[in-house]
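These values consider heavy atoms only, across backbone and side chains, with no hydrogens, waters or symmetry-generated copies.
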Amino acid sequence: MKFGGSLCILNVGGRRFSFSPELMKDLPLSRLTRLHRCASEREVLEVCDDYDRDRNEFFFDRHSEAFSFIMLYVQHGKLRFVPHMCELSFYNEMIYWGLESSHLQVCCQRRLDDRMSDSSVHFSPEEEARGPGNRSRWLERMRRTFEEPTSSVAAQILASVSVVFVLVSMVLLCASTLPDWKTAESSVDAHRIIEAVCIGWFTAECIVRFIVARDKCEFVRRPLNIIDLLAISPYYISVTMSILTGENSQLQRAGVTLRVLRIMRIFWVIKLARHFLGLQTLGLTLRRCYREMVMLLVFICVAMAIFSALAQLLEHGLDLESGNQDYASIPAACWWVIISMTTVGYGDMYPITVPGRVLGGLCVVSGIVLLALPITFIYHSFIQCYHELKIRSARCTRSLSVDFIN
């Protein structure tokens, strides 16, 4: 640095830090390294927010406590999040000073990865605003209209129409399985017309959302978009098969395939997750608690293997001739174990020996305990996800109210 005194003062958010030019040169912060290389005040003002030549003080309008934690990393080599500060905000400060997520401790890296995977925050929105012009803003407005139901009045109207089409298609799907409905020719014709209209709406909606998507590959990989494709494609496949085979015996042979394809339209119900907070909360909870879900399945599988083997032995294995034939094999006993552990108890099979009944009691009690252990974590995660989505929805609603008033 070729100007100022021998001591440099960094004023970060009102908090002052003093460094020698030599020390600033060796700091592992790219912004301070760039500041050290500046040869004029014009170059300095490109790196910091303001500069006082008399006191040789550089001003940065940034989070002072976050910078203090970054300086602790410089001194001790360990970087952790600031308590009670959003992980994304701290990561934004790290990017500003020239650090990356790899500089964080492993535990904090996991927290940041989970936070970023659950949020679609962009750290430089001003760069998106300076896009290619009106066309870019128009595409972004269209994308928000189709992807975010609470972003505008038009988005709410569009979401309401989509929900109506989903409900109509579900009612028709259920009604088409009634015997009286199948015998009425007029009802069948009306059903086909309404079904074609619903499919046309879903197809047009999916195509428009694909066109205005920022990342086409990411759009294809999203679970809800895959569900949309699974719900739409059976209709076109069944129509194509009907045209190719005709109303003859070949269509009868293809009837099973067509029924399977048509029943896949039940996936349209999942489209409601775009518009209802409860379904979004359920999906986010399952996404965050997949480890607990796997642990729950492991618990059930281990207990099922143990109790089914013991049940088969006590009910049938000790007396092959007069034993309980419902427990003739371990796979058959697995069904009894699963309905006993979940306390369903259909009564289609049950132990008749005293040891078998004692084992059944142990199976029920252990099932209650094993199911209760991970469900506690899932419950707390559900409450947390619900509050997060509710706060996000409230922010969008307030923004929508402001836009509507303006």
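One finds the CD1 atom of I306 at 11.5 Å from the SG atom of C301 (value rounded to the nearest 0.5 Å).
What you find for M142 and V212 is that their closest heavy atoms are CB-CG1, 3.8 Å. When all heavy atoms are compared, the tightest approach of M295 to P374 is CE-CB, 3.8 Å. Of all heavy-atom pairs between S64 and V12, the closest is CB-O, 3.1 Å. Nearest heavy atom pair, residue L359 against residue F307, reads CD1-CD2, 3.5 Å. Residues L296 and L370 come closest through the heavy atom pair CD1-O, 4.0 Å.
Note that R31 lies in the cation-pi zone of Y96, set by a 6.0 Å cut-off to the ring centre and a 45° limit from the axis. Figure legend: R62 and F67 shown without cation-pi pairing, the cationic atom not lying both under 6.0 angstrom from the six-membered ring centre and within 45 degrees of its axis.
Residues M293 and L297 have side chains not in contact (no heavy-atom distance under 4.5 Å, counting atoms from C-beta outward). Contact annotation: the side chain of I300 approaches that of L371 to within less than 4.5 Å [non-hydrogen atoms, C-beta and beyond]. Side chains of Y327 and S308 form no contact here, defined as non-hydrogen atoms less than 4.5 Å apart. Between E195 and S169 the shortest side-chain heavy-atom distance does not fall below 4.5 Å. The side-chain heavy atoms of Y379 and I383, taken from C-beta on, include a pair separated by under 4.5 Å. At least one side-chain heavy atom of V344 sits less than 4.5 Å from a side-chain heavy atom of Y346. For the pair C363/M341, a side-chain contact is recorded, criterion being any heavy-atom separation below 4.5 Å from C-beta on.
A donor-acceptor pair shorter than 3.5 Å can be found between the side chains of E315 and T353. With no hydrogens or angles considered, no side-chain donor-acceptor pair links Y350 and W336 at under 3.5 Å.
Using modelled atom types, no side-chain atom of H76 and backbone atom of Y73 make a donor-acceptor pair closer than 3.5 Å. Judged purely by atom type and a 3.5 angstrom limit, S160 uses its side chain to pair as donor or acceptor with the backbone of Q156. Counting only distance, with no hydrogens or angles, the side chain of N324 and the backbone of H316 share no donor-acceptor pair below 3.5 Å. Looking only at distances, a side-chain donor or acceptor of E43 sits under 3.5 Å from a matching main-chain atom of A39. D52 places no side-chain N or O within 3.5 Å of a backbone atom of E57 that could act as its donor or acceptor partner.
Applying the ring pair (Phe, Tyr, Trp, His ring centres under 6.0 Å) test to F59 and every residue at least two apart in sequence or in another chain returns nothing.
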Could you please spell out the steps behind the side chain to side chain donor-acceptor pair (under 3.5 Å) verdict for T203 and Y236?
CA-CA 10 Å; T203 304; Y236 294 103; 2.7 Å; yes

Stepwise side-chain contact (heavy atoms from CB on, under 4.5 Å) test for L229 and C206:
CA-CA 8 Å; L229 182 61; C206 189; over 6 Å; no

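Look at E46 and R42 and you find a salt bridge, because one of the NZ, NE, NH1 or NH2 atoms lies within 4.0 Å of a carboxylate O, short of that distance.
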